[in-house]
2 protein chains.
Amino acid sequence: MKLNTKSRYAVMALADMAVFSNANAVSLRDISLRQGISLLYLEQIFLRLKKNNIVKSVRGTNGGYILIKSPKELKISDILLALDQKVKTIGCKKDSKKSCNGKSTKCITHNFWDELDIHINSFFENKKLSDLLKNKEARI
Amino acid sequence: MKLNTKSRYAVMALADMAVFSNANAVSLRDISLRQGISLLYLEQIFLRLKKNNIVKSVRGTNGGYILIKSPKELKISDILLALDQKVKTIGCKKDSKKSCNGKSTKCITHNFWDELDIHINSFFENKKLSDLLKNKEARI
DNA sequence: CAAAAACTTGACTATTTTAGTCGGGTATAT
DNA sequence: ATATACCCGACTAAAATAGTCAAGTTTTTG
Ligand code: FES
Ligand code: FES
């Protein structure tokens, strides 16, 4: 039950932006240096963040990325969604007629996994990017 | 963010046992047929459940497995633990001196992931196997 | 204008993890 | 005896993941 690194880095990078942008664009190069994440990897991640309207870009010298929403408004669930990091603890589709084992009825554990998904998703729904910044001592 | 099938099948199989055992041992063959899980795979799973004292076995004809605790007492977290399905949403070790990016201080997001782990683990801690059986209509 | 900074994009690959199988056991009830 | 059912380590194919590469385009600044 692990989160993939793409999502982890995305949250990390956006948190970095929230701290270090002073209404300026933040370049991936700077984030890469501060957070120790590969620049090439960040590019790939920000491509998706941009496509999903989490950030907007400024090209050219002194360019970089800018958060579209304020950290107080940006939900962690928005970030994960942008990276296709769905919280689906099992493969069985909620709306499909087929159960996880190919039978026509839902299996004995189905409702339980549904509850789990809701439990986890609500955590991400209720957390804002700004919530991560509260104890700034923890920052690098 | 997915649960692996081993854990999923383990919960499913144990729920099956809770429903169909009448103080008798339940054979893997029966579980396999009822739940549509490969017998060979079940054997591998129950090996671990046995080693971790979730079930005990009865060999020979009419043998099978028996739940050690009652479904009311068996926590889902116990089951996951038996299968090494740790809920560790990131790789960073809690107690280690090293952060996720190799630096000596904890990264900006560290506490957040810790909270997430606690959130998910408490869900599994508070659910008992018997909780899955409440709406028996859902069973196959 | 030239050059550097920085974003854009798709494709590509090595590694790791996962899911599931195989083969050859051993114990026990009837 | 023999069928049933647990025991156990090793093995493999397929999928997911993490991360790289190559070849751009755009904009600022000297
Ligand atoms: S039918 Fe949905 S999890 Fe089994
Ligand atoms: S230091 Fe623990 S998650 Fe980054």
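Below, chain A is the first sequence line, B the second, and so on; all start at residue 1. In what follows, every heavy atom counts, from backbone to side chain, and hydrogens, waters and symmetry copies are set aside.
- Proximity of B:Thr5 to the phosphate of C:dG20: a side-chain N or O atom is located under 4.0 Å from OP1 or OP2.
- With distances taken from any side-chain atom of A:Asn4 to the nucleotides C:dT21, D:dA18, C:dT9, the minimum falls on D:dA18.
- Between the side chain of B:Ser27 and the backbone N or O of B:Asp30 there is at least one donor-acceptor pair closer than 3.5 Å.
- Between A:Lys50 and C:dT8, a side-chain N or O to OP1/OP2 separation shorter than 4.0 Å is present.
- Checking B:Ser70 against B:Glu73 by side-chain atom types alone, a donor-acceptor pair falls below 3.5 Å.
- Ring pair B:His119/A:His119 is parallel by interplanar angle, where below 30° counts as parallel and above 60° as perpendicular.
- Nearest-nucleotide assignment on DNA chain C puts the 5′-proximal partner with A:Val26, out of A:Lys2 and A:Val26.
- Each of C:dA6, C:dT8, C:dA19 was ranked by its minimum atom distance to the side chain of A:Ser27; first place goes to C:dA6.
- Atom OH in B:Tyr9 sits roughly 8 Å away from atom C1' in C:dA19 (whole-Å rounding).
- Straight-line distance from the CZ atom of A:Arg48 to the C1' atom of C:dG10: 13 Å, rounded to whole Å.
- Note: B:Tyr9 and B:Tyr41 have perpendicular aromatic rings, judged against thresholds of 30 and 60 degrees for the angle between ring planes.
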Ring pair (Phe, Tyr, Trp, His ring centres under 6.0 Å) evaluation trace for A:Phe112 with B:Phe123:
CA-CA 11 Å; A:Phe112 176 69; B:Phe123 182 84; 5.6 Å; yes

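- Phosphate contact (OP1/OP2 of D:dA5, side-chain N/O of B:Ser57, threshold under 4.0 Å): absent.
- Put simply, CD on B:Gln44 is 15 Å from P on D:dT12, counting in whole angstrom units.
- Remark: C1' of D:dC6 and CG of B:Leu42 are 12 Å apart, rounded to the nearest angstrom.
- Atom CZ in B:Phe46 sits about 14 Å away from atom C1' in D:dC7, given to the nearest Å.
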Evaluation steps, side chain to side chain contact (heavy atoms under 4.5 Å, CB included), between A:Asp16 and A:Arg34:
CA-CA 8 Å; A:Asp16 178 277; A:Arg34 278 194 295 259; 2.8 Å; yes

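- Applying the 4.0 Å criterion to OP1 and OP2 of C:dT21, one finds that B:Ser38 has a side-chain N or O inside that range.
- Comparing D:dA5, C:dG20, C:dT9 by their nearest atom to the side chain of B:Arg29 picks out D:dA5.
- A:Lys72 has no carboxylate O lying under 4.0 Å from a charged side-chain N of A:Asp131, or vice versa, which leaves the two without a salt bridge.
- Candidate nucleotides C:dT21, C:dG10, C:dA19 were compared by shortest atom distance to the side chain of B:Leu40, and C:dT21 ranks first.
- For the segment residues 58-71 of chain A, residues with any heavy atom less than 4.0 angstrom from an atom of DNA chain C are, sorted by number, A:Val58, A:Arg59, A:Gly60, A:Thr61, A:Asn62, A:Gly63, A:Gly64, A:Tyr65.
- When rounded to the nearest whole Å, the span between CE of B:Met1 and P of D:dT17 equals 13 Å.
- Between A:Ile45 atom CD1 and D:dG19 atom P the separation is 9 Å, expressed in whole Å.
- Per the geometry, CG belonging to A:Leu33 stands 13 Å off P belonging to C:dA5, to the nearest Å.
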